[in-house]
Each structure stands twice: as C-alpha cells, then as structure tokens.
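Numbered from 1 within each chain, the chains take letters A, B, ... in sequence-line order. Hydrogens, waters and symmetry mates are skipped; everything else that's a heavy atom, side chains included, is used.
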Number of protein chains: 4
Amino acid sequence: MTAALRKSAAGPARPKVAHADSRLPQILDAAARLFCAQGYQGTTIRDIAQAVGILPGSLYCHFATKEDLLVAVYTRGVDQICGAVQAAVEPLDDPWTRLEAACVAHLEAILRDDDYARVVVRVRPADVVAANQRLVQERDRYEALWAGLTDALPLPRRSDRKALRLLLLGALNWAQNWYRPDGPSSPRSLARQFMALLRQGTEARS
Amino acid sequence: MTAALRKSAAGPARPKVAHADSRLPQILDAAARLFCAQGYQGTTIRDIAQAVGILPGSLYCHFATKEDLLVAVYTRGVDQICGAVQAAVEPLDDPWTRLEAACVAHLEAILRDDDYARVVVRVRPADVVAANQRLVQERDRYEALWAGLTDALPLPRRSDRKALRLLLLGALNWAQNWYRPDGPSSPRSLARQFMALLRQGTEARS
Amino acid sequence: MTAALRKSAAGPARPKVAHADSRLPQILDAAARLFCAQGYQGTTIRDIAQAVGILPGSLYCHFATKEDLLVAVYTRGVDQICGAVQAAVEPLDDPWTRLEAACVAHLEAILRDDDYARVVVRVRPADVVAANQRLVQERDRYEALWAGLTDALPLPRRSDRKALRLLLLGALNWAQNWYRPDGPSSPRSLARQFMALLRQGTEARS
Amino acid sequence: MTAALRKSAAGPARPKVAHADSRLPQILDAAARLFCAQGYQGTTIRDIAQAVGILPGSLYCHFATKEDLLVAVYTRGVDQICGAVQAAVEPLDDPWTRLEAACVAHLEAILRDDDYARVVVRVRPADVVAANQRLVQERDRYEALWAGLTDALPLPRRSDRKALRLLLLGALNWAQNWYRPDGPSSPRSLARQFMALLRQGTEARS
DNA sequence: AATGAATGAGACTTCATTCAT
DNA sequence: AATGAATGAAGTCTCATTCAT
C-alpha cells in the first residue's frame, strides 16, 4: 500500500530524489516484455523479479499488487501508442491520409516496436477481473483518439464511421494473433493493404 | 471414447445403452461455458467439476489433463462453427452473398449462440503452451474454410483476397472484446455493416 | 473383501471351476515383474492392470487390496526360492558344499531367474506398513531354511553360525543393488567367490 | 546458501547474524529422520513440514523439489559417514585393523548414530528415478573410500579384494533390515564378528 | 530499496478403492 | 470376471503477498 499511496500523493513539487538508478524503469520494461510474451496470467512475479535481478518480494517496494503493475504498464502503453499515432497524424491534413498514417503507426507499435503498446492489445481487460475497470478506462482513452480520426471522414452516416472504426481497429489488433515478423509483409504495408481495401471497395464497379 | 464406441455398436434392439447417462457431455458443456466466460487460465478444474456436480478428480476419468479437455472443447468448437458457416453458405451461389452469410453465421456463433465456438475465439493458442500446436491445427481447419470463400471472390489479385480474409476475420473475432448483447445492433446487422463497408468502399466516388 | 473372504474360506474340496483361462496367473506375473522393476510403492494398480490388459477395478475381482496382491506375490516368491534352494541342496551331503549350492541357487534366483524371488529381496517389509507382519512371517520361513544349513556347519560356536548366516545372506541380497547382468561375473561365480573368501579366510597364515 | 554466505562474511563484532535462526537445519534433520524411518516415498512433504512446524509450501523456500531435499540429506549423509570412517581409520596403520575400524564406524553410523548416514543405506537410488544419478554419484564417493581400504589388504588377487569389499559392505548395509538396537549385540561387536569370520576363515584347519 | 523466509490458499493431478451394471 | 465411472483423500508444487530485518 505504501508505494501506491506515495505515488498518488506525489505532487508536482516532488524534489526528485537522487534515485536515478532506481530499478523502477527496469521493472516496467521487464514486465512489459513478459506480459506481452507470456500473457498476464502466464507471467509470475518471480519471472519479472528474476528478469530484473531482484527478489520477488522486492517488487512490492514499487507496486502494491501485480495488478497495479499491470495497470502501470498498460497505462504507459496507452500513452505511448497515443503518442505514436498522434505524432504520425499531426503533420497531415487529409482525413483519409491521417487515418492511414494512424493505422501504420498503430500496427508498427503493436507488432514491432513497443512492448508497452503490445500489452494494451495482448492483455484483455476481461482476463484481469480486479483491474478490469481501470484497463477499460485506459483503453477508452485510445479509442477516443480513433473516434476523432474516423469522425473526420467524409462519410454520410455516423454509424458508418463507427463501424469503420471497429472494423479497422479489430482487424489491426487481431493481427497480433497471426503476424510473423519474418513474413512477407511489414506492418506498414499491411496497414496500407487494409486501408486500400476499405477505401476503394472490393466490388467490381461499372 | 470407449463408451462412445460401445454406444454406436449397440444394436437397435437395445434402446438405452449402458452408461448412456455419462457425464461427459455435461463436462464438455460446463467447460465450454466456463472457458469462454473466464478464460482458460481463469477456470479451474474445481470450477468445472463443481458445475457438473462431481469431484475434481473425477474429471480425470474423461480427460488426462486440463489441456486435453480444452482441446476437446476447442475441437468441437471448430466443428460447430465450421458446420454453422457451411450450412449458411451452402444454398447460396454468389461469392459475395456466400461471404456475407459466412460473416453472419460466424458472428452469431461467437457472440451469441455457441459456447464451443466462442472458446475458439476466446482462447489464444499462445496462452496454452503445451496444447498450442493442436489448437493452431484446429484453427487452421477453420481458416481453410474461409480461404475457400475469399478465393472465390472476383478480385484481381491473390494478395487482395488474402488481405480481405485477414481483415474480415480479425474484425469479426475482435468483436468479442467489445460486443454487448444488449446493445443496439445484432450480430447479423453488424456483419452486414462490415460487409457493406468492404464491398462498396468508403471513398467518395466521382 | 469378497475376494479375500472367498479365498480364505476355500477348502481343499474346491471343485476347481473350469477357469483355466483365468487371468490370475497373468496378474501375479505382471505384479511380480513390476514390483521388482519399480518397487512396491512405485508400481500402481493401473500399471499392473494395463500390463495384463484389464481395467484397474477388475483387479479387485482377484485381490481385495494392493497389499494382498503383494503378499500373494511375496509368498510365492518365498515358495519358489525355498524350492530352488532345497532342490539345489538336496542331493548333497557335505555341509559346506550344501551351503555353497544354496548361495548359488539364491543368487541365481534373485539376480536372474525369478521375478517372484526377486520381490522378496527387493521389497522391504518395513516399506509396507499394513502387510509388514505377513511379509516378515514369510521371510522368516526362508531364513529358517538357511538356519538349517548354517547350523549344520562344523563351527564351534552357535554365535558364529548365526553371524555367518547374517553375513552371507546380507551380502547376497545386497548384490541386487549393484549387480549388472552384463558384467563380468555370473551369479554363480559370484556366490562361489564369496564362499571361498569365507571358507579359507583372508588372513595370511603361517 | 546465501544465508550461509552472509553468515561467514559477518564480522566478529556482530554476535547474532540475521537469519541465523533459519529453519534449514531443522528441515534437514527432520527430513533425515523421517526418510530413514518411513522411506523416501513413505514420507510426505507435509510430514516434514509438520515436524519442523512450518507450512508445506514453505519448504520450497529452501528446496525446489522433494528430490532436491533428498539429495541434500543424502549428500550430507555421505559426507558424515565418510568423515566417521576416515576419523576412525586415520590413526591406524595396519590394513586389517583399519578395515575393522571402518566396519565398526560404518555400522555404528547406519544403525545407531546418524540419521543422515542411515538414509544413504535406507534409500535406494533406484527408487528415486529423477535423482537416481546424483545419488549414485554420491554413493560412489563413499565406495571409493572403501576401495582404498580393501586395496591396501595383503591379498594376492585384485578380484579377491573387490569381492571382499562387496561382501563386507553388503553384509553391513543389509543389517539395517534386521538389526534391533535392543538386541544382544552392539554394532561394534557385530562388525567385529563379521571381520573375525572373514579374517580367520571358517573352515577347519589342520 | 531490498532481502529472505514464511504464509495461506489453491492449483493440477494421482491413486487405491468402490459399485452398479 | 469384468467394466467404466466415480470417490475421497492425499500428493507435490505454485504463487501473490507479507514482514521483520
């Protein structure tokens, strides 16, 4: 509890104690890596501690529970994927171009670049009963970003824009289940293929 | 299995075969229900046994390990979703119409009708190390069915047909993560919305 | 219980039902083989049943408990090793020659020829709490035979004859722990070596 | 092990090292006592934990598996019996006298003094499949000591010296199966009796 | 901030045995 | 004499978590 309390009590005035060598970053990194490699339930506190080189009990100096650790990783994952998408989208104007850039950024993050972002897709809130709410809340932050992107599309019906978002995000996320980095297509080309199918339509036109 | 064999060997003169009241079907049903409600790792042998009304150890009369039980449920899930999709598709001729019918059948199975089919989407092979191969093999059976459906589409490039399949199946499967049965749209209408977006394309046409 | 009761109630008048094909001999053989290969506690009822080709429960048609089965095997082991030793000894007269023949017969039985006899040495009564008494009783039958052999030796002191028996039998039995059938010496030559050491003495004589 | 290390690193100024009250010694003692009273398979983790006054799971702070615990006990048993025999033998010169002293020390250890040493004779490597190799290796350490003792005997043939060792050690070890501490002879007198038989020979001399 | 030992609950699984058929 | 399903007790081991040091 102490760690958690201290955390939430920490104001902006915090003097930044000289613990630059703290193991907290290492812990987060290891947790992110392991959660996305083995899943949340498949990863033990021992695994993480061992990866960092400390004892299991020592983790509780930084996190009150395993779920808190997950929430921290997950939150940072949402932060980072939000950042990646926003950075990719920002310089662009055209709604479709922006959406495609978002797809590329998203897919590169969850398939290749970022263990934290990967966790956001890998770990289902439904699998972590007690932290479910907090995870859903985080995920919603990210979905709101996407809602902004799809809402900007020149589609007549609101329902189409929503369906498009669900269709696209679902397809991208599910790629984690079958994508192999040594396969023929990169995350980028994959994202573009998906977008192309959606923009041009697949039916023959007269 | 022996029970099943003896059953089918029983002549027509014997109306009620011995051990016809085996609890094996109940076990499978309970396992399917619990696996898809709580996940594989979130479901204990005790949970399943209790749901059936037997002792945990008694499960091992029917399955050697928890993973074997999962494989049995999963296999039947693939059987059933294959059956549902094939039944939906069979009377139809047009490739697009067939694909849409498949989407509807798939979505209805994994969102509403069928605990077994649900498990196929809910449980990731990657989360069950020792049975991973067997699960992937089963899942591939189902994907082959879809490959047949998309390959029949009048699309110029092979790569487009494959991408379309991955896009569509991913989007449908991911729906398990956000779909609420008490929401506004049914699995059927959802499937049709997705298909419409894909067929007509989303870009404004001149 | 029924099996046990029936057994002990069986008088000599028993009409020998025409069950020549009964599986009882097979069961005993398999049990002897497995008990001496894996030990008593290391052998399960399932192992034995499977070796015979029946179901575990079916064993209880023949034996009331696993320990009863052990006692049956053990008893027959004592019978057989007694028989083997007596047969080897009978035609001989000289006490030392008789003792050596006994050693050879004993060692051949417990190292090479006879799974039943092997069990007598392999399974310690101390390891089978509930049947301990019955096993000790059986073992004593065999030791009595040896007492006869050593008592006939022309040694001055009674205590020497007893010590000799314990020394010899212990050394022979322990051979089960190190003897390898593909090694350089046969059970027979081994027995003779041991006897030679004991008869001639090892100390240099003036 | 870490505790032990820290202990030895502790300077003389600190009289009571942290964790000096570890229960590891108690665990080993209890395990030795129980393994030799009930056998390895007859002793449960619960038995040992209860004897120490901790929970079964707590044993796994010190040993990864039950077999590792056995190996630890066994190894220490070999250490101790080696030590006892070497101490008994060291001040002596005559090969026969040394051998007799070794017999006495061995028998006192495995029959009376030392639970650890007792385990070395009580538990057969063959009964503990997974740790078999490690146990055999330990036992061989001890046998090498004996080989040294018998090789020093003034016997003409090498094969005689080896046979003598096997005969003697086997007879001594097997005593665990019949020796009763309240009986007429002590381990010491027993060892001497055995040695006397072997040295002088049993056959009448002219 | 970290350690090392311990907890307590519970996980999967095994196994001798029973019993209706 | 045998089956097949079930029992009930127990077995080893895992794991998140705690806490004095």
> Closest nucleotide of DNA chain F for D:E67 versus for C:I27: which of these residues is on the 5' side?
Replying inline: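 Per heavy-atom nearest nucleotide, the more 5' residue is C:I27.
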(request) Check each residue of residues 35-54 of chain D for a non-hydrogen atom within less than 4.0 Å of any atom in DNA chain E, then write out the ones that pass by number, or none. (result)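 Contacts with DNA chain E under 4.0 Å: D:I54.
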* Would you mind telling me which of F:dA6, E:dT17, E:dA6 lies closest to the side-chain atoms of D:C61? =>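 Between F:dA6, E:dT17, E:dA6, the one nearest the side chain of D:C61 would be E:dA6.
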Atom-to-atom span, CG of D:L69 to P of F:dG11 - whole angstrom: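 The distance from CG of D:L69 to P of F:dG11 comes to 15 Å, rounded to the nearest Å.
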| Listed by chain and number, what are the salt bridge (Lys or Arg N to Asp or Glu O under 4.0 Å) partners of A:E138, not counting sequence neighbours? |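 A:E138 satisfies salt bridge (Lys or Arg N to Asp or Glu O under 4.0 Å) with A:R141 once adjacent residues are dropped.
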*asked:* Distance check needed: F:dT18 C1' versus A:L59 CG, whole Å only.
replied: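 The distance from CG of A:L59 to C1' of F:dT18 comes to 14 Å, rounded to the nearest Å.
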| task | Please tell me if the side chains of A:Y60 and A:I45 come closer than 4.5 Å, counting only heavy atoms from C-beta onward. | result |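 Of all side-chain heavy-atom pairs linking A:I45 with A:Y60, at least one is under 4.5 Å.
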Worksheet item: Is it true that C:R118 and C:D115 make a salt bridge, defined as a side-chain N closer than 4.0 Å to a carboxylate O?
Response: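 Answer for the salt bridge query: yes.
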Q. Would a distance-only check, ignoring hydrogens and angles, find a side-chain to backbone donor-acceptor pair under 3.5 Å from A:D29 to A:Q26?
A.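 No: the side chain of A:D29 does not pair with the backbone of A:Q26.
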Using OP1 and OP2 only, check whether a side-chain N or O of D:H62 sits under 4.0 Å from E:dG4.
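So the side chain of D:H62 is outside the cut-off, no N or O lying under 4.0 Å from OP1 or OP2 of E:dG4.
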Review point. Are D:T75 and D:Y116 close enough that some pair of their side-chain heavy atoms sits under 4.5 Å apart?
Key: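 Not touching, per the 4.5 Å side-chain cut-off.
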| salt bridge (Lys or Arg N to Asp or Glu O under 4.0 Å) with A:D127: which residues, sequence neighbours excluded? |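 B:R122.
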Inset, instruction - Look at B:R23 and F:dA5 and indicate whether a side-chain polar atom (N or O) is within less than 4.0 Å of OP1 or OP2. - result: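 Negative; the distance criterion is not met.
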(message) In whole Å, I'd like the distance from the OH atom of C:Y60 to the C1' atom of F:dT7.
(response)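 Rounded to the whole Å, the gap is 13 Å.
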* To do: Would you mind reading off the distance between A:K66 atom NZ and F:dT17 atom C1', rounded to a whole angstrom?
  =>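 Whole-Å distance recorded here is 12 Å.
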Given Watson-Crick and G-U pairs under 3.5 Å, DNA chain F in dot-bracket ([ ] crossing, | other strand) is .||||||||||||||||||||
Can you sort out the partners of A:R33 under salt bridge (Lys or Arg N to Asp or Glu O under 4.0 Å), two or more places apart, ordered by chain and number?
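With sequence neighbours excluded, A:R33 shows a salt bridge (Lys or Arg N to Asp or Glu O under 4.0 Å) to no residue whatsoever.
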Report yes if at least one side-chain N or O of C:S58 is closer than 4.0 Å to OP1 or OP2 of F:dT3; otherwise report no.
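Yes, within the criterion.
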Between P on E:dG4 and CZ on D:F63, what's the gap in Å once rounded to a whole number?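 Distance, rounded to whole Å: 16 Å.
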message = Nearest whole Å is fine: how far is E:dA5 P from A:L55 CG?
response =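 So the CG-P distance, A:L55 to E:dA5, works out to 9 Å.
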Using side-chain heavy atoms (C-beta onward) and a distance below 4.5 Å, is A:N132 in contact with A:V129?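 Answer no - side chains too far apart.
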Going by ring-ring contact (aromatic ring centres under 6.0 Å, His included), name the residues that satisfy it together with D:Y40, two or more places apart in sequence or in a different chain.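 So D:Y40 forms a ring-ring contact (aromatic ring centres under 6.0 Å, His included) with D:F35.
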Item checked: Given DNA chain F, 5'-ward residue of the pair D:P56 and B:G57, judged by closest heavy atom ->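 With D:P56 and B:G57 compared, the 5'-side residue is B:G57.
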